Amino acid sequence: MAKVYYDDSVASDKLEGKTIAIVGYGSQGHAHAQNLRDNGHQVVIGIRPGKSADSAKEDGFDVYEVAEATKRADVVMILAPDEIQGDLYENEIAPNLEAGNALAFAHGFNIHFSVITPPADVDVFLVAPKGPGHLVRRTFVQGFAVPALFGVYQDATGDATELALAYAKGIGATRVGVLETTFKEETETDLFGEQAVLCGGLTSMIEAGFETLVEAGYQPELAYFEVCHEMKLIVDLIYEGGFGQMRHSISNTAEYGDYVSGPRVITEQTKANMKAVLTDIQNGNFAKGFVEDNKNGFKNFYAMREKNAGHPIEAVGNELRKMMPFVKQKN
Ligand code: NDP
Ligand code: MG
Ligand code: MG
């Protein structure tokens with residue numbers, strides 16, 4: 001079972017008197033920075049000039065280039081996109097790190113896959129909220145938090161664990177619970193979840209369901225409602241009360257069909273395919289492909305993005321969502 005830490009299990013405030021540089025002011029960056037500041041910590045923002053830099057200034061932060069923010073900081077939390085962290089680290093962060101500083105992440109990817117190799121004399125830890133940044137901020141303001149994971153990769157000072165926990169407390173996460181993990185476990189489970197189930201698995205399943213109905217001659221609008229729109233309603237029930245609450249809420253017909261047909265769709269073969277996806281994550285093949293494609297200007301990535309945007313379910317969904325103004329439309 002995972003070891004969970006709460007506010008009162010964080011013995012000391014190792015962040016006291018330290019300056020924290022938040023590198024990047026996007027989804028995670030703005031939330032970490034604002035929560036830490038509200039908890040009384042000293043925060044500076046490291047960012048390139050642009051939209052994010054402007055909003056950090058509007059929010060009242062001291063904003064510097066990444067190199068300068070690193071120089072000023074004792075703890076450098078890297079919240080730029082994963083694929084640019086390697087270059088950013090090499091060019092702007094590494095030359096300005098000092099012995100005894102700490103390097104922090106919200107995802108273990110670049111450390112675990114050795115894109116970034118930190119010097120031996122800095123602490124390296126991760127604090128990864130299990131939710132998007134806007135929820136990290138909103139729940140904090142409401143008085144609670146999004147649970148988070150923390151892990152220590154390198155303990156140069158002897159204080160890395162306490163420091164990581166103090167950081168987790170600083171963003172509010174220990175209000176609800178912080179689970180101990182490793183960079184390896186966080187990285188591999190995060191990638192597997194998003195690829196096999198949450199993002200990749202889900203969109204492929206919805207598309208296959210949509211195509212099955214449309215190819216059988218049913219109207220695309222009905223197909224959209226049945227296999228896509230209603231997904232949220234079902235997932236909300238699972239989110240609140242597990243499969244039990246969802247199955248309690250649906251009709252007996254739906255529940256019977258769930259048991260009879262679910263395992264015909266997601267079979268032992270599907271699970272074997274999931275294991276192959278996991279293997280490619282564990283042996284570094286996925287990371288290698290992602291990093292290489294990025295070096296190549298994300299050619300593959302952008303081609304796949306364009307191809308997927310052209311799936312007929314997107315056009316149908318765009319039209320139908322206009323009928324439902326309560327469904328916020330972001331184009
Ligand atoms: P975003 O894309 O939302 O934000 C990235 C930020 O980095 C932006 O402010 C961007 O600014 C800035 N940036 C981009 N390039 C540079 C650069 N060259 N120099 C300085 N700043 C730059 O990222 P996320 O918050 O989604 O992700 C950050 C980290 O958090 C990742 O490691 C991710 O895996 C992790 N994470 C994300 C979660 C999420 O739900 N989003 C959940 C948990 C972890 P600009 O406006 O100038 O582009
Ligand atoms: Mg992820
Ligand atoms: Mg139905």
Side-chain angles (χ1 to χ4, degrees), residues 21-35 43-59 61 63-70 73 76-96 103-113 115-116 124-140 145-151 153 167-168 171-173 178-179 181 183-202 277-278 281 286-287 290-291 294 298 301 330:
I22 300 294
V23 175
Y25 198 74
S27 175
Q28 290 293 321
H30 89 284
H32 289 225
Q34 293 181 29
N35 293 5
V43 176
V44 298
I45 308 298
I47 186 100
R48 60 182 177 184
K51 237 175 134 184
S52 288
D54 294 344
S55 48
K57 281 179 206 152
E58 270 165 39
D59 293 339
F61 285 104
V63 176
Y64 304 98
E65 299 274 353
V66 176
E68 179 60 25
T70 304
V76 181
M77 171 54 101
I78 307 184
L79 297 173
D82 294 309
E83 66 274 16
I84 68 138
Q85 289 182 11
D87 286 343
L88 196 60
Y89 173 78
E90 205 172 305
N91 300 328
E92 301 198 50
I93 296 172
N96 299 299
L103 200 57
F105 298 85
H107 180 32
F109 188 100
N110 287 296
I111 290 288
H112 179 62
F113 292 116
V115 179
I116 292 175
V124 181
F125 68 83
L126 71 80
V127 173
K130 289 290 94 186
H134 295 88
L135 207 60
V136 172
R137 179 58 186 162
R138 197 194 325 145
T139 52
F140 180 89
V146 170
L149 308 179
F150 90 97
Y153 175 77
Y167 188 96
I171 63 167
V178 175
L179 282 68
T181 185
F183 274 62
K184 174 179 161 58
E185 185 181 49
E186 185 278 333
T187 303
E188 293 176 354
T189 55
D190 183 81
L191 293 175
F192 178 79
E194 63 204 19
Q195 291 176 30
V197 182
L198 302 178
C199 309
L202 183 67
V277 167
L278 182 58
I281 290 167
F286 169 79
F290 180 68
V291 168
N294 179 48
F298 265 157
F301 183 24
K330 277 195 200 145

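Keep in mind that what you see is a predicted model, and the values were worked out from it rather than measured. Read the numbers this way: they start at 1 and go in the same order the structure lists the ligands and their atoms.
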Identify each donor-acceptor pair in which a side-chain atom of residues 48-55 lies under 3.5 Å from a protein atom, sequence neighbours left out, and give them as a table.
residue: Ser55; atom: OG; partner: Lys51; partner atom: O; Å: 3.3
residue: Ser55; atom: OG; partner: Ser52; partner atom: O; Å: 3.2

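Here Phe301 pairs with Phe298 under the ring-ring contact (aromatic ring centres under 6.0 Å, His included) rule; sequence neighbours left out.
Ligand 1 lies under 4.0 Å from heavy atoms of Gly24, Tyr25, Gly26, Ser27, Gln28, Ile47, Arg48, Ser52, Val66, Leu79, Ala80, Pro81, Asp82, Ile84, Gln85, Leu88, Ala106, His107, Pro129, Gly131, Pro132.
Between the side chain of Glu188 and the backbone N or O of Ile281, no donor-acceptor pair lies under 3.5 Å. A donor-acceptor pair under 3.5 Å is formed between the side chain of His30 and the backbone N or O of Ser27.
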Query raised in the report: Val291 and Phe113: side-chain contact (heavy atoms from CB on, under 4.5 Å), yes or no, with the steps?
Result: CA-CA 10 Å; Val291 168; Phe113 292 116; over 6 Å; no
Query raised in the report: For Leu103 and Ile93, what are the C-alpha separation, side-chain angles and deciding distance, and is it a side-chain contact (heavy atoms from CB on, under 4.5 Å)?
Result: CA-CA 9 Å; Leu103 200 57; Ile93 296 172; 4.0 Å; yes
Requested in this report: Before giving the answer on side-chain contact (heavy atoms from CB on, under 4.5 Å), spell out for Gln85 and Val115 the whole-Å C-alpha distance, their side-chain angles and the decisive distance to 0.1 Å.
Outcome: CA-CA 8 Å; Gln85 289 182 11; Val115 179; over 6 Å; no
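The two residues Gln195 and Val277 have their closest heavy-atom pair at OE1-CG1, 3.6 Å.
With rounding to the nearest 0.5 Å, the separation of NZ in Lys57 from CD1 in Ile45 is 11.5 Å.
Residue-and-atom listing of protein N/O/S atoms under 2.8 Å from the Mg ion (ligand 2), sorted by chain and number: Asp190 OD2, Glu194 OE1.
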